[in-house]
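One structure below.
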Number of protein chains: 2
Amino acid sequence: MRPTKRNELVQKALEAFYQNGFNATGMDTLVKETGISKTSMYKHFRTKEDLILAVLRLRDENFRNWMYRRMEELAKSPRDQLIAMFDALEEWFSEPGYKGCMFIKASSEFQDASHPIHKQSADHKRMLERYVTELATKAGLPEPDKLARQLLLLKEGAIVTAHLGHTENAAQDAKTAAITLLRLHAG
Amino acid sequence: MRPTKRNELVQKALEAFYQNGFNATGMDTLVKETGISKTSMYKHFRTKEDLILAVLRLRDENFRNWMYRRMEELAKSPRDQLIAMFDALEEWFSEPGYKGCMFIKASSEFQDASHPIHKQSADHKRMLERYVTELATKAGLPEPDKLARQLLLLKEGAIVTAHLGHTENAAQDAKTAAITLLRLHAG
DNA sequence: AACAAAGTGAACAGATCGGTAAACTTTGTT
DNA sequence: AACAAAGTTTACCGATCTGTTCACTTTGTT
């Protein structure tokens, strides 16, 4: 990504929105934190909503790239990569400043299913589902789509549980459950 | 709950916050939607935060009562009640106006783990965990706490997935996975 | 050197935010 | 009948919200 002012804005806005929330982060705050003039912001993005959509696009790209790469690095076979997803999650959860999933939070603040931000968040989850389903298919597992959906329920559950913070090792619990599901699933 | 103005306010505020979000719902909006004067509101609650905390207390009471009762109605044995939790979830998800879990959304808008609203949301999840753990214990299952945490990961995952709306029957997927986990768990 | 694109600062809208003040009315208790 | 608690209306406060306007400066290209 070329280091244009526009990209710099999106990058900095991502961090601010992630840490403080969308509605709670005003455009004036972004001016302060990015050092970019408000005039310039509104030249790149007609509305705050447009900026948020750009932020979510960047986040989708960053997150999926990171997650896919990490799964490949941690395991060779498709089957093991499915399990390695939860090791990757654990790494994510233990990062300082972890504050849950940006898309879940976006859908929490823009709740209407017809809202562009909500729809784009759902798209992100759909793309993850497609990837995991393909992995399950490559692994030769029966009913790969069903298995993928089950594993992803564990993933989403771990993400919000790790953020709520009432439990330790949500990622490990999810991994254990995933292994069980895979074992019974494959026979 | 006696139908005092205060309780009426909390009840109406619950609906407004649930449908529109916490930050996105101003006190003036509540004045319009409840018909209760702002002066009166601030006589009962010193700040908006206090009102939100009261709303979350009511929600916790309502939700846990409903869920526990529904689990008991749908199944007799503790083991079957664990599974019935996901049937109850399905009923919830299919209600008109379903917009996810109020506590997950609260923790999405008040992200700091030290924030009272965030802490109270975590408390809700903790109480649910205790209940499910007790059920698993009564069912005579080994490692009841571990199993409970796994089942609750499926629950949380189903809740956010049903709200994101990129998948059909999140509750059914979670139920299927829960049955698998229980089967392998009990041997 | 000249020119357009991109960026700047600062002031300004109009609406809404959470919260307060003062004077008045309703309601329930004794 | 008297009194206090609870509720009301109305106006207001300063801060902040998203978004705009205008006059000006920097920067890259040719």
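Naming convention: chains lettered A, B, ... in sequence-line order (proteins, then strands); numbering from 1 in each chain.
Across all strands shown, A:K5 has heavy atoms under 4.0 Å from sugar-phosphate atoms exclusively, and none from any base.
Distance B:Y42 OH to C:dG19 C1': 5 Å, rounded to the nearest Å. Separating the CE atom of A:M41 from the P atom of D:dT21 is a distance of 18 Å, rounded to the nearest angstrom. Distance NZ (A:K48) to P (D:dC17): 8 Å, rounded to an integer number of Å. What separates CG of B:N23 from C1' of C:dT16 is a distance of 13 Å, to the nearest Å. Counting to the nearest Å, the P atom of C:dG19 and the CG atom of B:L30 are 12 Å from each other. Atom CG of B:L9 is separated from atom P of D:dT8 by 10 Å (rounded to the nearest Å). Residue A:R46 contributes atom CZ, which lies 13 Å from atom P of D:dT21 at whole-angstrom precision. In this structure, NZ of B:K32 is placed 12 Å from P of C:dA15, rounded to the nearest angstrom.
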Dot-bracket summary - DNA chain D, pairs being Watson-Crick or G-U whose distances fall under 3.5 Å, with | when paired to another strand: ||||||||||||||||||||||||||||||
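Here the side chain of A:D28 is nearest to one of D:dT18, C:dG19, D:dG7, namely D:dT18. The side chain of A:T29 lies closest to D:dC17, out of D:dT8, D:dC17, D:dT20. Proximity note for A:H44 (side chain, C-beta onward) versus D:dG19, C:dG7, C:dG18: the nearest is C:dG7. Side-chain proximity of A:S40 to the nucleotides C:dT8, D:dC17, D:dT8 is greatest for C:dT8.
You won't find any donor-acceptor pair under 3.5 Å spanning the side chain of B:T4 and the base of D:dA6, going by distance alone. No hydrogens or angles were tested; on distance alone, a donor-acceptor pair under 3.5 Å links the side chain of B:K38 to the base of C:dG19. Side-chain to base pairing of B:T39 with D:dT9: one donor and one acceptor N or O lie within less than 3.5 Å of each other.
Contact check for A:K5 versus A:L9: no side-chain heavy atoms found under the 4.5 Å cut-off. With a 4.5 Å cut-off on side-chain heavy atoms, A:K155 and A:V132 do not count as touching. Looking at heavy atoms from C-beta onward, B:L14 lies out of side-chain contact with B:V10 at the 4.5 angstrom threshold.
For B:Q111, the side chain to side chain contact (heavy atoms under 4.5 Å, CB included) partners are A:K99, A:K105, A:H163, not counting sequence neighbours.
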Evaluation steps, salt bridge (charged side-chain N to carboxylate O under 4.0 Å, His left out), between A:D123 and A:R126: CA-CA 5 Å; A:D123 285 343; A:R126 246 186 296 271; 2.9 Å; yes
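Neither OP1 nor OP2 of D:dA6 sits under 4.0 Å from any side-chain N or O of B:K43.
Contact record, B:L30 with B:A16: CD2-CB, 3.8 Å, taken as the closest heavy-atom pair. Contact record, B:L74 with B:A88: CD1-N, 4.1 Å, taken as the closest heavy-atom pair.
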